[in-house]
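Reading through the structure tokens given below for one structure.
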Protein chains: 2
Amino acid sequence: MARPRSFDPDDVLEIARQVFWQKGFQATSLDEITAASGIAKPSLYAAFGDKHALFLRVLDRYHDGILGWAERVLAQPGPAREAIRQWLTGFIPYCSGEKGQRGCLSINSATDGSLDQAALRKSIERYNRRLEELLRTRLRADREQFKKGFDPDITAHTVMVVHAGLMALAHQTPDSKQVKAVIEQVMGLLA
Amino acid sequence: MARPRSFDPDDVLEIARQVFWQKGFQATSLDEITAASGIAKPSLYAAFGDKHALFLRVLDRYHDGILGWAERVLAQPGPAREAIRQWLTGFIPYCSGEKGQRGCLSINSATDGSLDQAALRKSIERYNRRLEELLRTRLRADREQFKKGFDPDITAHTVMVVHAGLMALAHQTPDSKQVKAVIEQVMGLLA
DNA sequence: GTTATTATGTACTTATAAGTACAGAATAAG
DNA sequence: CTTATTCTGTACTTATAAGTACATAATAAC
């Protein structure tokens with residue numbers, strides 16, 4: 001028995017993600033988000049809390065999206081090697097060329113010194129832990145396909161490092177061929 | 001025939017670097033730099049220009065420091081493999097444990113969406129190009145030490161990606177043993 | 001010592017952006 | 001239709017931080 005909300009919170013989170021992703025947390029003003037979304041500040045504050053809380057919601061959403069996708073790709077039948085190759089390859093559009101310029105929202109946030117609040121660190125940490133767990137689990141399961149002495153745990157972490165590196169260097173708009181070549185070379189470690 | 005400057009600009013750049021590195025460009029106010037350095041704002045403006053110009057000076061200095069060190073390490077006699085292992089290993093204190101938390105000033109800046117001014121992008125691009133060139137040159141020179149089909153150019157870039165990844169993940173304070181293990185595994189690509 | 005010149009420190013202006021007060025609009029229940 | 005309740009938009013307050021005006025201090029040349 002009250003006036004209903006005039007917008008879908010998910011739509012606003014989607015728009016906020018675009019703005020935050022483009023300019024970063026600090027440099028994004030709420031006025032820009034109200035301009036992009038058409039939602040006035042009091043409504044944003046009522047729905048999401050302050051700027052940090054809004055950003056946390058956006059980041060969690062971003063994490064969930066990537067984790068869901070990773071789960072699907074890494075659960076594929078066939079050799080672990082191919083699943084992981086496909087996982088890495090899937091990032092190419094996001095870490096090369098024009099679209100890749102903004103890099104990864106999570107890594108951009110992790111490297112932003114002004115964002116070391118506990119909640120954000122926790123969200124990022126959890127995301128990385130889960131991603132690495134997916135890789136590790138898959139590599140462990142297919143252990144016999146690899147050479148003797150193959151260490152799935154270290155390899156999972158190495159793949160995380162490569163992924164982070166590709167996303168960090170994405171801001172220089174590298175060529176997609178170059179990214180592909182690096183992935184192919186790294187696949188040499190999965191043997 | 002005038003009043004001499006009461007401070008060494010290099011000292012101020014050193015202090016500014018610490019503050020910028022800890023908190024990031026946006027979150028660092030000039031008041032914090034005046035507090036840390038004891039130099040009042042008008043003197044900073046007279047000596048360095050505005051905040052962006054000061055940061056650019058700091059970043060260039062940072063780049064020069066790492067490039068100088070890389071040049072020394074990579075010019076070492078002995079196998080290229082060992083030189084590069086030593087180069088990567090040298091970053092361990094800066095990408096693990098408490099001290100590693102702040103990561104790499106250059107990568108932190110590259111991933112900061114609010115910093116996409118031309119001058120900064122150029123400085124970072126040049127830095128990365130030079131580093132990769134040092135690696136590539138060294139790998140090319142020792143080409144015969146590697147297996148047939150070894151590609152020094154791609155490998156140089158892969159090492160850059162790993163380096164960037166380690167620095168990006170540094171903010172989670174990983175264990176130095178884990179970093180070491182990743183480096184050792186990646187060294188498997190230099191064969 | 002005087003003077004021209006450049007640095008320093010205080011205190012200011014100005015702009016921007018986070019967060020909110022409040023009046024009015026929209027709905028569901030009765 | 002009335003009313004309680006919650007949302008919306010305008011306009012505000014407040015804080016912070018970039019950049020500067022101006023008076024003063026310190027030096028080198030003469």
Side-chain angles (χ1 to χ4, degrees), chain A residues 1-59 108-109 112-120, chain B residues 1-59 108-109 112-120:
Chain A
M1 70 207 252
R3 179 173 180 174
R5 188 169 277 156
S6 70
F7 58 91
D8 180 347
D10 246 35
D11 292 345
V12 175
L13 288 176
E14 182 60 32
I15 290 171
R17 176 171 74 170
Q18 289 170 18
V19 185
F20 277 133
W21 200 350
Q22 193 64 45
K23 313 196 46 176
F25 173 79
Q26 287 273 342
T28 299
S29 70
L30 280 183
D31 288 333
E32 289 175 273
I33 292 178
T34 64
S37 65
I39 309 302
K41 267 192 288 187
S43 297
L44 291 180
Y45 275 87
F48 304 107
D50 67 6
K51 192 184 171 191
H52 277 93
L54 172 60
F55 184 71
L56 189 59
R57 287 283 295 275
V58 166
L59 188 61
N108 295 354
S109 307
D112 183 342
S114 69
L115 281 179
D116 64 350
Q117 345 173 243
L120 274 181
Chain B
M1 73 203 251
R3 178 172 180 173
R5 189 168 276 155
S6 70
F7 58 91
D8 180 348
D10 246 34
D11 292 344
V12 175
L13 289 176
E14 181 60 31
I15 289 170
R17 175 171 74 171
Q18 289 170 18
V19 185
F20 278 133
W21 200 349
Q22 192 65 43
K23 311 196 48 175
F25 173 78
Q26 287 273 342
T28 298
S29 70
L30 280 184
D31 288 332
E32 288 175 273
I33 293 179
T34 64
S37 66
I39 309 302
K41 269 193 284 188
S43 297
L44 290 179
Y45 276 87
F48 304 106
D50 66 5
K51 192 183 169 189
H52 278 93
L54 171 61
F55 184 71
L56 189 57
R57 288 283 297 275
V58 166
L59 189 62
N108 295 353
S109 306
D112 184 342
S114 69
L115 282 180
D116 65 350
Q117 345 173 242
L120 274 181

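Below, read A as the first sequence line, B as the second, and so on, with proteins coming before strands; counting in each chain starts at 1.
- Summary of the strand contacts: B:Thr28 and A:Ala2 both lie near DNA chain D, and taking for each the nucleotide with the nearest heavy atom, the more 5' one is attributed to A:Ala2.
- Comparing A:Gln26 and B:Pro42, the nucleotide of DNA chain C nearest to each residue sits closer to the 5' end for B:Pro42.
- Along DNA chain C, read 5' to 3', the first and last nucleotides having any atom under 4.0 Å from a heavy atom of chain A are C:dA17 to C:dA28.
- Mapping B:Phe25 and B:Pro4 onto DNA chain D by nearest heavy atom places B:Phe25 closer to the 5' end of the strand.
- With rounding to whole Å, A:Arg3 atom CZ is found 10 Å from D:dC7 atom P.
- Atom pair A:Leu44:CG and D:dG9:P shows a separation of 10 Å (rounding to whole Å applied).
- Taking A:Glu14 as the reference, A:Arg17, A:Arg61 meet the side chain to side chain donor-acceptor pair (under 3.5 Å) condition, with sequence neighbours excluded.
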Verdict with supporting geometry, B:Phe55 and B:Leu120, side chain to side chain contact (heavy atoms under 4.5 Å, CB included): CA-CA 9 Å; B:Phe55 184 71; B:Leu120 274 181; 3.9 Å; yes
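- B:Leu59 places none of its side-chain heavy atoms less than 4.5 Å from the side chain of B:Phe20.
- At a threshold of 4.0 angstrom between heavy atoms, the contacts of B:Thr34 with the nucleic acid are absent.
- Taking every heavy atom of both residues into account, B:Phe48 and B:Val12 meet most closely at CE1-CG1, 3.8 Å.
- No salt bridge links A:Asp116 with B:Lys23; every basic N to acidic carboxylate O contact stays at or beyond 4.0 Å.
- A:Ser6 has a side-chain polar atom (N or O) that falls below the 4.0 Å cut-off from OP1 or OP2 of D:dT8.
- B:Gln117 meets the side chain to side chain donor-acceptor pair (under 3.5 Å) test with no other residue; sequence neighbours excluded.
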